[in-house]
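Position 1 is the first residue of the sequence, and the numbers go up from there. Only heavy atoms go into these numbers, but all of them, side chains included; no hydrogens, no water, no symmetry mates.
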Amino acid sequence: MKVYYYHTIDIRNVYQQWHNGTFPGHFLYGATHLRNEGIDVVMHQPIRPKQRWKLSLHTAFKILTCHEHYDAIYATTFRGLEIIIFLRAFGLFRHPVCVWHHQPVVKAKSFFREMIARLFYKGIDQMFFFSDKIIQDSLHSVKAKRERMHVVRWGADLKYYDALLKNFDKSSRSGFISTGKEMRDMPTLIGAFNHTSAPLDIYSCREYLGTNYERMFADMEVHDNINIHLIGGLAHAEMSKLVNKSQCVVICCFPTNYTVGLTTVVEALALGIPLICTKNLQMPMDIDHEHCGITVAPGDMVGWERAVNFIAENPDVASDMGRRGRELAEKVYNLDNCAKDISTVLKTLIKK
């Protein structure tokens, strides 16, 4: 079997970095390991225009003019794939379309948009989700068909992180680290650490998706135990090394209806580092139940302060949390399992 693999990032560059051991493979959603499951891959060559219609036109052109044989489309998002999906809905595109759906399927605000959306979802043969909670939320919509929805055990590229852990002294780890930039609740995070003596390093960007973190930090009181690093273009390998040197990973987010912070969570699990995370029911794993970290209610500054102090004052317990997190990554949330789950669904398409 062969699939046409669609992603909005520079797939070939990332694939080469993964091959060189400088980038984790899970950002390609199992594509690096599909060949191990008997599925070959045709890689899309994307562009990154500001206008979505240009992206969709370019994507449709590349797919419709592809001369290589493939049996299905495997996409990490439907963004840019709209024309192909509508063609599939009208029966004008013969290959099955399988996409990752990062948020719940919801009812559109207007009747017209809802009718268009219902047609759109008819053009998607199979959908992949990070958690069963997102699927259950989606089933409130008539557009969602349970038989077309699948939870995938998306998780870290353990081989990549094992290379960092090789000959590394875990006892040298110290301090707390925050590396995310999407929907991060910096006021709560900084407010909590201002009331502790625990060292925190925040790595973020100046602006992301309309949020100006640079201005936000400038308007806040930040105590000396907190170091803010506004970065741009820092290689993932460098950031992973910084995370590996930390005692605890913190993921403080605003409430959302999707798995914001999941990338940081699976990295912490892979490295065997405990974490403190804003409670998010959309997450596939129950961090508290698995005893690999502590969750705090959204916006609960006192709860964050309490959790930080607990990790700082109980290093042995924190170490056990990290160990359990690594075990969870090895058993469930890893790149190998992700590829297996994806391939199982894709292979059913050629049997029909």
Side-chain angles (χ1 to χ4, degrees), residues 3 5-46 48 74 76-77 100 130 152-174 177-182 201 203-205 229 231-249 251 261-275 292 322-323 325-343:
V3 296
Y5 174 57
Y6 173 76
H7 202 318
T8 55
I9 64 174
D10 188 347
I11 303 171
R12 298 187 181 189
N13 180 44
V14 172
Y15 185 88
Q16 186 59 50
Q17 289 186 58
W18 165 77
H19 185 75
N20 295 337
T22 58
F23 204 92
H26 54 269
F27 285 96
L28 293 180
Y29 291 74
T32 56
H33 286 44
L34 286 181
R35 288 188 176 90
N36 298 340
E37 304 299 326
I39 299 177
D40 288 328
V41 176
V42 178
M43 292 187 180
H44 178 71
Q45 292 180 283
R48 304 194 72 177
Y74 171 47
T76 63
T77 176
W100 274 86
F130 290 111
V152 172
R153 295 169 294 176
W154 190 84
D157 181 352
L158 296 185
K159 184 177 180 180
Y160 170 84
Y161 290 105
D162 285 345
L164 294 178
L165 292 170
K166 186 177 181 180
N167 301 321
F168 178 78
D169 182 9
K170 293 183 180 180
S171 65
S172 65
R173 287 173 172 165
S174 64
I177 189 169
S178 170
T179 60
K181 56 187 179 181
E182 183 178 3
D201 281 280
Y203 290 87
S204 187
C205 54
H229 313 268
I231 58 176
L234 187 65
H236 196 284
E238 297 175 55
M239 187 59 67
S240 296
K241 291 177 182 178
L242 292 172
V243 173
N244 191 37
K245 295 178 181 178
S246 303
Q247 173 192 4
C248 180
V249 172
I251 310 160
L262 180 58
T263 299
T264 310
V265 169
V266 299
E267 179 171 71
L269 298 181
L271 289 171
I273 299 175
L275 51 93
C292 57
R323 176 180 55 79
R326 172 65 192 206
E327 291 175 354
L328 184 62
E330 292 176 356
K331 293 177 181 178
V332 184
Y333 302 106
N334 60 68
L335 181 55
D336 290 304
N337 284 343
C338 174
K340 289 176 183 177
D341 293 346
I342 292 294
S343 65

Could you check whether Asp336 pairs with Arg153 (Lys NZ or Arg NE/NH1/NH2 to Asp/Glu carboxylate O, under 4.0 Å)? no
Minimum heavy-atom separation for Arg326 to Gly272, with atom names? CB-CA, 4.0 Å
Does the side-chain contact (heavy atoms from CB on, under 4.5 Å) test come out yes or no for Leu28 and Ile9, once each step is laid out? CA-CA 9 Å; Leu28 293 180; Ile9 64 174; 4.0 Å; yes
Please report the closest heavy-atom contact between Ile342 and Val152, naming both atoms and the distance. CD1-CG2, 3.7 Å
For the OG1 atom of Thr32 and the NZ atom of Lys159, what is their distance to the nearest 0.5 Å? 10.5 Å
Rounded to the nearest 0.5 Å, the NE2 atom of His33 sits from the SG atom of Cys338 at a distance of 9.5 Å
Give the minimum heavy-atom separation between Ala270 and Leu165, together with the two atoms involved. O-CD1, 3.9 Å
Under a 3.5 Å distance rule, please check whether Arg173 uses its side chain to pair with a backbone N or O of Asn244 as donor and acceptor. yes
May I ask you to decide if the ring planes of His26 and Tyr161 are parallel, tilted or perpendicular, using 30° and 60° as cut-offs? parallel
With rounding to the nearest 0.5 Å, note down the distance linking CD1 in Ile273 to CZ in Arg323. 15.5 Å
Answer yes if the ring centres of Trp100 and Phe130 are under 6.0 angstrom apart, and no otherwise. yes
Please say which of Asp40, Val42, Thr76 ends up in a side chain to side chain contact (heavy atoms under 4.5 Å, CB included) with Tyr5. Thr76
Considering non-hydrogen atoms only, spot the tightest contact between Ile251 and Gly261 and give its length. CG2-CA, 4.0 Å
Within 6.0 Å of CZ in Arg35, more than 12 heavy atoms from elsewhere: yes
Would you say NE2 of His19 has more than 12 non-hydrogen atoms from neighbouring residues, nucleotides or ligands within 6.0 angstrom? no
So which heavy atom on Ala339 is nearest to which on Gly30, and how close? CB-O, 3.8 Å
Under a 3.5 Å cutoff, is there a donor and acceptor pairing between the side chains of Gln16 and Asn20? yes
Is the backbone N or O of Tyr203 less than 3.5 Å from a side-chain atom of Thr179, with the two atoms forming a donor-acceptor pair by type? no
In Å, rounded to the nearest 0.5 Å, how long is the span from OG1 of Thr77 to OH of Tyr29? 8.5 Å
Could you check whether any side-chain heavy atom of Val3 comes within less than 4.5 Å of a side-chain heavy atom of Val41, counting everything from C-beta outward? yes
Is there side-chain contact between Met239 and Glu267, with at least one heavy-atom pair below 4.5 Å? no
Under 3.5 Å, is there a donor-acceptor pair between the side chain of Asp157 and the main chain of Gly25? yes
Close side-chain approach of Phe27 and Thr263, heavy atoms under 4.5 Å: yes
One should read off an interatomic distance between Lys170 NZ and Leu271 CG, to the nearest 0.5 angstrom, of 8.5 Å
What pair of heavy atoms forms the shortest contact from Leu164 to Ser240, and how long is it? CD1-CB, 3.5 Å
In Å, rounded to the nearest 0.5 Å, how long is the span from CD of Glu327 to CG of Leu269? 11.5 Å
May I ask you to test the Tyr74-Leu34 pair for a side-chain heavy-atom distance under 4.5 Å? yes
I want to check something: taking the side chain as every heavy atom from C-beta on, are Val14 and His7 in contact at a cut-off of under 4.5 Å? no
Note, Tyr6 side chain near Ile11 side chain (heavy atom, < 4.5 Å): no
